[in-house]
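So the structure is just underneath, and the comments pick up after that.
Heavy atoms only: backbone and side chains are in, while hydrogens, waters and symmetry mates are out.
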Amino acid sequence: MADERETMSEYTVIRDYPYPTDEVWAVLTEPEQVARWTTTGQGGRTEGFAAVPGTKFRFVGKPTVGWAGVVYCEVLAVDAPHSLHYTWKGDEATGDLTDVTYLLEETREGTRFTWHHTGFTGVGGFVMSKLLANVRRKMLTDGVPPVLETYHRAQKRPTR
């Protein structure tokens, strides 16, 4: 019988945005822009975020049963404006260390953004991946587009 720790869960959310890749990158990585979309739904605000390898930052949300409301992260790699990779840990002392990767690809209509979060283990990890996938879908569907529109208008460039 397999150890439940060997069971890995992950989720991927893909969204297409009708904006240039550099604008989508800015909204996803500039601290003042990130703060505008990460609190959508049940998401948390960022503290100390910068798209610079080695940066340790936190997402701070509303505490719930079994969770203190803080996610601890560290930026591992950045290839602006194409990818960002950071760790994600729900409990600084005892939580599983998971990985988040952003991938931005230019399309004819604008930019395809892929959020990939992997490394959840066991039954608890499976449940957490499902919960986080729902939160992330809301953020990327409802939170990011109005921030992109505002950012785009400030750039005074035509939409594709």
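A donor-acceptor contact closer than 3.5 angstrom links the side chains of Tyr11 and Trp115.
To the nearest 0.5 Å, the span separating OG on Ser9 from NZ on Lys130 amounts to 6.5 Å. Atom CG of residue Leu84 and atom CG of residue Leu28 lie 8.5 Å apart, to the nearest 0.5 angstrom. The NE2 atom of His82 lies 10.5 Å from the OG1 atom of Thr111; values are rounded to the nearest 0.5 Å. Expressed to the nearest 0.5 Å, how far CD of Glu74 lies from CZ of Phe57 amounts to 9.5 Å. For the atom pair Gln33 CD and Glu23 CD, the distance stands at 10.5 Å (nearest 0.5 Å). For the atom pair Thr46 OG1 and Glu32 CD, the distance stands at 10.0 Å (nearest 0.5 Å).
In this structure, Arg58 pairs ionically with Glu47, as a charged nitrogen and a carboxylate oxygen lie closer than 4.0 Å. Of the charged side-chain nitrogens involved, at least one lies within less than 4.0 Å of a carboxylate oxygen, so that Arg153 and Glu149 count as a salt-bridged pair.
No side-chain heavy atom of Lys138 sits less than 4.5 Å from a side-chain heavy atom of Val135. At least one side-chain heavy atom of His117 sits less than 4.5 Å from a side-chain heavy atom of Thr98. Residues Val24 and Leu148 meet the side-chain proximity criterion, which asks for heavy atoms closer than 4.5 Å.
Of all heavy-atom pairs spanning Arg137 and Val13, the tightest one is CG-CG2, 3.9 Å. Contact record, Val75 with Ala50: CG2-O, 3.4 Å, taken as the closest heavy-atom pair. Between Thr39 and Ala35, the closest heavy-atom pair is OG1-O, 3.9 Å. Taking both residues in full, the closest heavy atoms of Phe120 and Gly125 are given as CB-O, 3.3 Å, listed atom of the first, atom of the second, then distance. Ala68 and Pro63 get closest at one heavy-atom pair: O-CG, 3.4 Å.
For the pairing with Thr114, the side-chain contact (heavy atoms from CB on, under 4.5 Å) check across Leu140, Leu104, Ile14 returns one residue only, Ile14.
Side chain of Thr38 to main chain of Gly44: a donor-acceptor pair is present (N/O by atom type, distance under 3.5 Å, no hydrogens or angles). Panel note: side chain Thr150, backbone Val147; no donor-acceptor pair is recorded below 3.5 Å. Side chain of Trp37 to backbone of Val27: a donor-acceptor contact under 3.5 angstrom is found.
Counting heavy atoms of neighbouring residues, nucleotides and ligands inside a 6.0 Å radius, atom OH of Tyr151 exceeds 12 of them. Atom CZ of Arg112 is surrounded by 12 or fewer heavy atoms from other residues, nucleotides or ligands within 6.0 Å.
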Worksheet item: Taking it one step at a time, do Thr29 and Val78 satisfy side-chain contact (heavy atoms from CB on, under 4.5 Å)?
Response: CA-CA 10 Å; Thr29 62; Val78 177; over 6 Å; no
Practice prompt. Under the side-chain contact (heavy atoms from CB on, under 4.5 Å) rule, what do Val144 and Phe113 come out as? Steps first, then yes or no, please.
Written response: CA-CA 11 Å; Val144 170; Phe113 173 61; over 6 Å; no
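Two rings, from Phe49 and Phe59, have their centers 6.0 Å or more apart.
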